[in-house]
Structures are given as C-alpha cells and as structure tokens.
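Quick notes on the structure that follows.
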Amino acid sequence: QVQLVESGGGLVQAGGSLRLSCEASGLPFSSYAMGWFRQAPGKDRGFVSSIQWGGSSTLYADAVKGRFTISRDNAKNTVYLQMNSLKPEDTAVYYCAAGSYGSVRALYDYWGQGTQVTVSS
C-alpha cells in the first residue's frame, strides 16, 4: 500500500532552520506531484508548497515564499522542505502529500501522518 513517512520535525528557535523529509513507497513516485501542507492548532490544514513530478515547477504559499524551498530526489522517492528563517507562526504539524500539482488539498490522493514543527520565540 502507499506510505508517505515524514521526518525532520522538531523544536527550533525563531530564526533557525529545519529540513523536513518525506519518503514515499507503494506508488510510482516520479509520476506524482508532491506537496507540503501544515495545520496549526484550531486551524484548517493549509497549503505550503508543491513540486511538479520532474521538479521543474514549484509553488509556494505567500507566507513561506523566500524562506522555504521544496525539492525532490526521484531516485530516493523522497521530497524535502528546507525551512529557513523560521517564525513562531510556522508552528504546525506538517504533512506531505502525493497527487496532482497545485495548491488545493483535493488534488492530493495520499497523505502522510505528519511531523510536528515547533518554533519558539
């Protein structure tokens, strides 16, 4: 079956960096766009970033543009999210997803279990 496993979350001070990873199995990884979403307590799950199957096109939410970078390694079935200049408002559970390229949740067919990112002020 399809599995998406996130890792790399943790506690970091404001201004710091984290790199999230999401390893996929059970699907033709290079045929899928990959996305990152996040959900803070009491809020809906919102779009963070997406990368097209070949990696040539990327999308970012305005709130993370210029600070976060999405990338993928199709040989390793893994997508990454490099997060720099982290702010307390970036605190959330971060989910990776596989599906079609774009910022809408409904485009994604498969989801990971999430990894917690906490940014202290």
Side-chain angles (χ1 to χ4, degrees):
Q1 79 265 21
V2 176
Q3 280 194 312
L4 303 178
V5 180
E6 301 98 335
S7 61
L11 174 64
V12 64
Q13 286 190 329
S17 298
L18 282 174
R19 188 194 196 202
L20 304 184
S21 300
C22 171
E23 184 173 359
S25 60
L27 79 170
F29 181 77
S30 61
S31 297
Y32 280 82
M34 298 298 295
W36 288 97
F37 290 74
R38 66 186 181 185
Q39 187 167 17
K43 295 189 176 182
D44 290 337
R45 192 174 301 187
F47 172 74
V48 175
S49 184
S50 179
I51 187 166
Q52 189 237 21
W53 64 271
S56 59
S57 295
T58 57
L59 284 172
Y60 295 95
D62 287 344
V64 308
K65 207 170 289 184
R67 299 188 298 122
F68 291 10
T69 303
I70 191 170
S71 62
R72 65 189 295 159
D73 185 339
N74 286 346
K76 295 182 178 179
N77 287 0
T78 301
V79 62
Y80 306 97
L81 186 69
Q82 178 67 44
M83 306 187 295
N84 298 330
S85 303
L86 282 160
K87 304 176 182 179
E89 51 263 44
D90 294 318
T91 295
V93 177
Y94 283 70
Y95 298 88
C96 75
S100 298
Y101 183 62
S103 61
V104 177
R105 281 180 59 181
L107 290 170
Y108 294 86
D109 302 310
Y110 304 104
W111 293 83
Q113 292 300 306
T115 186
Q116 176 71 47
V117 171
T118 303
V119 184
S120 64
S121 57

query = Under the ring-ring contact (aromatic ring centres under 6.0 Å, His included) rule, what pairs show up with a residue in residues 44-79, not counting sequence neighbours?
reply =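 Sorted pair list: Phe37-Phe47.
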inquiry  = Tell me whether Lys43 at atom NZ has more than 12 heavy atoms from other residues, nucleotides or ligands lying less than 6.0 Å away.
reply    =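 No, not enclosed.
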request  = Please say whether more than 12 non-hydrogen atoms of neighbouring residues, nucleotides or ligands are located less than 6.0 Å from CD in Gln113.
outcome  =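 No, because the 6.0 Å sphere around CD of Gln113 holds 12 heavy atoms or fewer from other groups.
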request  = Compute whether any side-chain donor of one residue and acceptor of the other, for Asp73 and Thr78, lie under 3.5 angstrom apart.
outcome  =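 On atom types as modelled, these side chains do not qualify, holding no pair under 3.5 Å.
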Flag the pair [X] / [Y] as yes when at least one side-chain heavy-atom distance between them is below 4.5 Å, and no otherwise.
X	Y	value
Thr91	Val117	no
Tyr94	Glu6	no
Tyr32	Asp109	yes
Glu23	Lys76	no

query = Any Lys/Arg nitrogen of Arg67 or Asp90 sitting under 4.0 Å from an Asp/Glu carboxylate oxygen of the other?
reply =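 Salt bridge: yes.
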key: Nearest-0.5 Å distance, CG of residue Leu20 to CH2 of residue Trp36   =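 Output value for this atom pair is 4.5 Å.
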query = Could you give the distance from CE (Met34) to OG (Ser50), rounded to the nearest 0.5 Å?
reply =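 Atom-to-atom, Met34:CE and Ser50:OG are 9.0 Å apart.
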ask   = Can the positive tip of Arg72 be found less than 6.0 Å from the middle of the six-membered ring of Phe29, inside 45° of the ring normal?
value =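 Judged by the rule, Arg72 and Phe29 form a cation-pi pair.
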